[in-house]
Amino acid sequence: QVQLVESGGGLVQAGGSLRLSCAASGGLFSMLTMGWYRQAPGKQREFIARIRSGYDTNLADSVKGRFTISRDNAKNTVYLQMNSLKPEDTAVYYCNAEEFNAWGQGTQVTVSS
């Protein structure tokens, strides 16, 4: 099994930046497809970004051009760099390991106008 722990969330003003981290334990990290999702109050959890073992990436249209997903296999960590943040980005952000159907506990991101 794999365990995921997100960190890096917080309060930021519109236009600012945050970098989220997701640390994985359990082994085989370099072989995993990792993703970021978010859920705002009263809304469905939505896909944000995905990075495959071969480093190919996918981003949701709502964040394309503003967010970047990356990974450091030596550190068993996946990152989400969030720039030009908007109030509508406010949500709990979750890390996902696709092959293990594993999720982290989430980290809160709040963007003020």
Side-chain angles (χ1 to χ4, degrees):
Q1 64 178 5
V2 63
Q3 292 180 300
L4 307 174
V5 180
E6 302 97 332
S7 62
L11 175 64
V12 65
Q13 293 183 346
S17 298
L18 283 174
R19 188 196 196 197
L20 306 184
S21 298
C22 173
S25 62
L28 300 178
F29 176 80
S30 64
M31 298 289 100
L32 301 179
T33 299
M34 302 295 298
W36 286 98
Y37 294 72
R38 69 187 183 191
Q39 187 167 21
K43 296 184 178 180
Q44 297 268 85
R45 186 172 297 187
E46 65 174 327
F47 166 80
I48 297 299
R50 175 181 289 114
I51 184 165
R52 304 183 191 279
S53 61
Y55 293 90
D56 292 329
T57 61
N58 295 286
L59 289 96
D61 288 341
S62 60
V63 304
K64 193 172 296 182
R66 300 188 297 123
F67 291 10
T68 302
I69 186 169
S70 62
R71 68 194 298 161
D72 186 339
N73 290 340
K75 297 181 179 179
N76 283 5
T77 301
V78 62
Y79 304 97
L80 185 68
Q81 178 66 48
M82 306 185 295
N83 299 325
S84 302
L85 283 162
K86 305 174 180 179
E88 51 261 46
D89 294 319
T90 295
V92 177
Y93 283 71
Y94 297 92
C95 181
N96 168 252
E98 183 174 313
E99 290 85 354
F100 284 89
N101 297 312
W103 297 85
Q105 83 289 346
T107 185
Q108 176 71 48
V109 172
T110 303
V111 184
S112 62
S113 59

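Counting begins at 1 with the first residue of the sequence.
When the side chain to side chain contact (heavy atoms under 4.5 Å, CB included) test is applied to T77, the partners found at least two apart in sequence or on another chain are S21, A23, K75, Y79. For N96, the side chain to side chain donor-acceptor pair (under 3.5 Å) criterion is met by no residue, not counting sequence neighbours.
Within the 4.5 Å cutoff, no side-chain heavy atoms of T90 are placed close to those of R38.
Separation of atoms CD1 (I51) and CE (M34) is listed at 10.0 Å; rounding is to 0.5 Å. Interatomic distance, S7 OG to Y93 OH, rounded to the nearest 0.5 Å: 15.0 Å. Here the CG-SG distance, from L80 to C22, works out to 10.5 Å after rounding to the nearest 0.5 Å. Within the model, atoms CG of L85 and OG1 of T110 stand 10.5 Å from one another, a figure rounded to the nearest 0.5 Å. Within the model, atoms CH2 of W36 and CZ of R50 stand 14.5 Å from one another, a figure rounded to the nearest 0.5 Å.
With hydrophobic clusters built from ILVMFWY side chains whose heavy atoms lie under 4.5 angstrom apart, L59 does not share a cluster with F47. The same ILVMFWY cluster, assembled from side-chain heavy atoms under 4.5 Å apart, contains both F29 and V2. Both V78 and F100 belong to a single network of hydrophobic side chains, linked directly or stepwise wherever heavy atoms of I, L, V, M, F, W or Y lie under 4.5 Å apart. Under the 4.5 Å side-chain heavy-atom criterion for grouping Ile, Leu, Val, Met, Phe, Trp and Tyr, M31 is not connected to L4 through any hydrophobic cluster. Following chains of ILVMFWY side-chain contacts shorter than 4.5 Å, one can reach L20 starting from V111, so the two form part of one hydrophobic cluster.
Across all non-hydrogen atoms, the minimal contact from A14 to S113 is CB-CA, 4.3 Å. Summarising the geometry of S30 relative to S53, their closest heavy-atom pair is O-CB, 3.3 Å, with the distance given to 0.1 Å. Closest of all the heavy-atom pairs between E6 and G106 is OE1-N, 2.9 Å. Nearest heavy atoms, T107 versus G9: OG1-N, 3.2 Å. When all heavy atoms are compared, the tightest approach of L18 to V12 is CD1-CG1, 4.0 Å.
Between the side chain of Q13 and the backbone N or O of S112, no donor-acceptor pair lies under 3.5 Å. For Q39 (side chain) and A91 (main-chain N/O), no donor-acceptor pair under 3.5 Å exists by modelled atom type. Under a 3.5 Å cut-off, the side chain of R71 and the backbone N or O of R52 do form a donor-acceptor pair. No donor-acceptor pair under 3.5 Å is formed between the side chain of E98 and the backbone N or O of L32. The backbone N or O of T33 lies less than 3.5 Å from a partner atom in the side chain of E99, making a donor-acceptor pair.
Aromatic pair W103/Y37: centroids less than 6.0 angstrom apart.
Just one of K86, Q81, M82 meets the side chain to side chain contact (heavy atoms under 4.5 Å, CB included) condition when paired with R66; it is K86.
The environment of Q3 atom CD is sparse: at most 12 non-hydrogen atoms of other residues, nucleotides or ligands sit within 6.0 angstrom.
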